[in-house]
Amino acid sequence: MEFSARQIADVLEGTVEGNPEVKISKLAKIEEAEAGSLSFLANPKYTSFIYSTKASIVIVNDDFIPEQPISSTLIRVNDAYSAFARLLELYNQIRNEKKGVSSLAFISPSAKIGQDVYIGEYAYVGENVVIGDKSRIFPQVYLGDNVQIGKETIIYPGVIIYSDNKIGNQCTLHGGVVIGADGFGFAPQQDKNYKKVAQIGNVIIEDNVEIGSNTTIDRATLGSTIIRKGVKLDNLIQVAHNVEIGENTVIAAQTGISGSVKVGKNCMIAGQVGLAGHLAIGDDVKIGAQAGISGNIKDGAIVLGSPAIDISVFRRAIVHFKNLPVIVKRIEEIEKMIKRGESSDREL
Amino acid sequence: MEFSARQIADVLEGTVEGNPEVKISKLAKIEEAEAGSLSFLANPKYTSFIYSTKASIVIVNDDFIPEQPISSTLIRVNDAYSAFARLLELYNQIRNEKKGVSSLAFISPSAKIGQDVYIGEYAYVGENVVIGDKSRIFPQVYLGDNVQIGKETIIYPGVIIYSDNKIGNQCTLHGGVVIGADGFGFAPQQDKNYKKVAQIGNVIIEDNVEIGSNTTIDRATLGSTIIRKGVKLDNLIQVAHNVEIGENTVIAAQTGISGSVKVGKNCMIAGQVGLAGHLAIGDDVKIGAQAGISGNIKDGAIVLGSPAIDISVFRRAIVHFKNLPVIVKRIEEIEKMIKRGESSDREL
Amino acid sequence: MEFSARQIADVLEGTVEGNPEVKISKLAKIEEAEAGSLSFLANPKYTSFIYSTKASIVIVNDDFIPEQPISSTLIRVNDAYSAFARLLELYNQIRNEKKGVSSLAFISPSAKIGQDVYIGEYAYVGENVVIGDKSRIFPQVYLGDNVQIGKETIIYPGVIIYSDNKIGNQCTLHGGVVIGADGFGFAPQQDKNYKKVAQIGNVIIEDNVEIGSNTTIDRATLGSTIIRKGVKLDNLIQVAHNVEIGENTVIAAQTGISGSVKVGKNCMIAGQVGLAGHLAIGDDVKIGAQAGISGNIKDGAIVLGSPAIDISVFRRAIVHFKNLPVIVKRIEEIEKMIKRGESSDREL
């Protein structure tokens, strides 16, 4: 795909300064751009790069005044950053555009497939599955019986959705995600065996949720594991059975949430955090990386450490941790001094 | 699937109180049940819900005496909890019932497939693979050459089992599990490159083992990585080469076990624990969440922390951690006092 | 596959002592070997096993002098360990040898497939994909549009490579690896929603890289996430967008690297380590297990702890951590003593 400066300026409602026929086929950072790339200048810190960049086209703000000659063609717009972000999105849309239902996919006769749906090769679509309009099911995806997929949702290759689970509209599930495997429930027996507790609930994922690669979300024992609208989960996250994650909460990679935890709205949870079972985490909570959460957390709290405590308390304490040898030394000195004092007292 | 109160009472050997023809199609908690659901009342804490529940049928203990009118049909049984658990299992069996060998699966001519085996679409069954009676191989599973699968074992979609590995009877492997990839073994070379050490051992998984989604178990360098009977592994766990995990040990999500570790029987290991290489962990050991294990652990020990120590020692120590600033302050006060004492001594 | 002692001695340029026609079909440790196995003796600690081993053949050093009768056939070579390692490799090569392009794979007409390439069943090869000579693409692999795979590279089953990513020569990607999913980038909006930032960069993996099962490497927002030549990544590792990992760096399982981190050459990073975003980690750095890295690290540093500090400082401090209750007790004693002293002063 190649586009000329003139074509791009038309899309962005900008003006061309330089050769309007120069063509680009990719987008790049101004400091890394090669010939045939389009870049942008928004942050003044990067201004120096515009005089040496090999980008064929650079988008700049209307008020940019060059101080040296520039070899790239410029496109002047109102807001260079927004214009570039818009091009990123267009590029991304074109790149991932896939159409039609492959004859190499398996689709149960009872499945209901919406308008303009893409279903790739070797995908498996079970009985009574419903897929909404304009959704894209990539190759090698598994949709178990009765799975429901909303509209304009993207399911990338290798995603596995067990039976009876529901995915909302405009969701994105990345490669290798597993939705609705059995929760980890076993009842100890007298002979030290464990007996499996049947897990017959499901997973409900509301609209506008994004889930990163190889993340796992288990089905509820009874009822539903629920991911509310707008939640963003990074890669390799574990969400156990009967968990509920509130609206617009964002969770970074490799965090694990134990069974029946309820996480509030608008929380930010960093990477490699662990939450013990059956906890209630309030709204607007922030949890620092590698924290271990073993108790409920109130709205708006910011915590760190394992076990986690208020972040400012943690930070004040941790500076002393590495000084523990010195602290102990100081105590020894004091004890010696007192001993000397006592013995001299005695001598008196 | 719909069942009437009469049919369910027959299965459970219970007695119907109310309309025996009312039908249900799902199971639900008493506080969440909608019309068309069956629920149960066992824990007295939930008794109040039985007067307002929308469940069409509620299973209750024989000795339950209502104090208000109840709109649901009741089924009286000896033990409501056990009866409900039995229904859960029946429901689960019906739900996952799949039969036959798909014509869209690839099955090597040399593979030996038992009676009543299910093999789903796009599954790959390599040379000399053996699959025991009544096992179910879901779509998109990979079984490498010489893999052996026991009887009544379930391999969910997207599971990858490399060649030469053995899975026992009545095991369950969830979506995205990878069994028998190469152990992480590299020999450092003089030019700072690493040379791969060939990993030609295998993985042996004994009977009645369950393995959670996206968990990885590497093949041994030589010999076998062994998961003993009754072991339960949660999601996203890492088991390195030549590890052995003893009978009935249970491990929660995201824990990692380094190469050649031997874990005993009946252990409980919480989530996000890390075990360093070549350790011996005794029987009946309990390891708390996020612990870091860097030494051997004796039978029956309970440990926590990174590096892990006895749990009661850890708990007594951690309460002081957040007070470190106060502790240091107290030392400073003492030092000042002593200084004042000394100087007043000198003044004397 | 069976081989006689004579055949093996020929390959290894060794001499047979015993029955040259005895046959073996597997390789095993000397202490575990059964009849029909070949083993080796290199470490003198294991010498006692050679008199009781059931191995049919044992490779020994030329200068080995038995002190008791040995029932196994011996093959004498210059260096028993190297000879055995060579057999391991040969065995591994034969075991994984797969040939030809399956008629059950989907290959876009625009894809360019090299000489002697293996492509397994249900693999998906997108538009303009390039696969180098002698590379092996196992069943159920996904190669998105424009993916480039070098020569002699192995892509195991279930690996997902999104469009536009590049894999070098002689790389090995294990089952369930996901390369090039979108980086975790979202811009917070005023209504507490998040707006996705399009991720249009890619992933570049240089030559001789090995990546463990279910590891995830995200594509760059713009530009490339880069894994330099000789890097070895274990299982279940997270590599975020725009990360760069330097030559010959080795990383153990379940470690997570946040966005835009630059890791140097020849580093060793243990398991379950977390690195915060935008950090610079020097060359030859060693990071201990479960460490949390929140600042830049200089060349050659060795760190541990969360937050990580110099390893010797950490080790000196942690020994005091479990004694905190005793430390506090000692302070209390001192305070009491001083109080007594003061009150006796006052009494004076």
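The shown structure was predicted, so the numbers you read here are calculated from the model rather than taken from an experiment. First the proteins, then the strands, lettered A, B, ... as listed; each starts at 1.
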Top residue by heavy-atom pair count (under 4.5 Å) with chain B, among [options]?
options	answer
C:G305, C:P157, C:A85	C:P157
C:K29, C:E32, C:K26	C:K29
C:A252, C:G176, C:G212, C:P139	C:P139

[X] portion near chain B, given a 4.5 angstrom heavy-atom threshold:
X	answer
C:L233	backbone
C:A28	backbone
C:F321	both
C:E332	both
C:L88	both
C:N266	side chain
C:L27	both
C:M337	neither

Is the shortest side-chain heavy-atom distance between [X] and [Y] below 4.5 Å?
X	Y	value
B:L222	C:F84	yes
B:L324	C:L324	yes
C:F314	B:P307	yes
C:E89	B:K195	yes
C:E210	B:F186	yes
B:I334	C:E335	yes
B:F184	C:V250	yes

Open item on the list: Checking the side chain of B:Q238 only, and the main-chain atoms of C:Q254 only, is there a donor and an acceptor separated by less than 3.5 Å?
Closed with: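 No, the answer is negative, given that no donor and acceptor are paired below the 3.5 Å cut-off.
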TODO: Keeping the roles fixed (side chain from C:Q140, backbone from B:V141), state whether a donor-acceptor pair exists under 3.5 Å.
DONE: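 It does hold such a pair.
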Minimum-distance pair of heavy atoms, taken over all atoms of [X] and [Y]:
X	Y	answer
C:G175	B:V178	O-CG2, 3.6 Å
C:L236	B:I237	CD1-O, 3.6 Å
B:I327	C:I331	CG2-CD1, 3.4 Å
B:Y194	C:N248	CE1-O, 3.4 Å
C:G158	B:I160	CA-CD1, 3.8 Å
B:Y142	C:F138	OH-CD2, 3.6 Å

Non-hydrogen atoms of chain C under 4.5 Å away: do they reach the side chain of [X], the backbone, both or neither?
X	answer
B:N323	neither
B:S224	neither
B:A291	backbone
B:V159	neither

Distance from [X] atom [atom1] to [Y] atom [atom2], nearest 0.5 Å?
X	Y	atom1	atom2	value
B:Y124	C:Y122	OH	OH	10.0 Å
B:Q199	C:N92	CD	CG	8.5 Å
B:S306	C:Q272	OG	CD	8.5 Å

Open item on the list: Exactly one of C:N214, C:T215, C:N235 should register a side-chain hydrogen bond (donor to acceptor under 3.5 Å, both in side chains) with B:T216. Which one does?
Closed with: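 With B:T216 as partner, C:N214, C:T215, C:N235 yield a single side-chain hydrogen bond (donor to acceptor under 3.5 Å, both in side chains), made by C:N235.
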- [ ] Show the numbers, then the answer: is there a side chain to side chain contact (heavy atoms under 4.5 Å, CB included) between B:D182 and C:H174?
- [x] CA-CA 8 Å; B:D182 288 350; C:H174 282 286; 3.6 Å; yes
Open item on the list: For B:K262, I'd like to know if atom NZ has over 12 heavy atoms of other residues, nucleotides or ligands within 6.0 Å.
Closed with: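 Counting other residues, nucleotides and ligands, NZ of B:K262 stays at 12 neighbours or fewer.
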Task: Flag if over 12 foreign heavy atoms under 6.0 Å of NZ, C:K232 - done: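 Yes, because the 6.0 Å sphere around NZ of C:K232 holds more than 12 heavy atoms from other groups.
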Which one wins on heavy-atom pair count under 4.5 Å against chain C: [options]?
options	answer
B:N146, B:V313, B:D218	B:D218
B:V177, B:I318, B:V319, B:V197	B:I318
B:R316, B:Q290, B:R219	B:R219

Open item on the list: Ring centres under 6.0 Å, that's the criterion: do C:Y156 and B:Y162 meet it?
Closed with: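 For C:Y156 and B:Y162, the ring centres are under 6.0 Å apart.
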Task: Evaluation steps, salt bridge (charged side-chain N to carboxylate O under 4.0 Å, His left out), between B:K192 and C:D284 - done: CA-CA 10 Å; B:K192 300 201 172 177; C:D284 302 298; 3.5 Å; yes
- [ ] Decide, yes or no, whether a salt bridge links C:K98 with B:D145 under the criterion of side-chain N to carboxylate O below 4.0 Å.
- [x]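 The answer is yes: the pair qualifies as a salt bridge.
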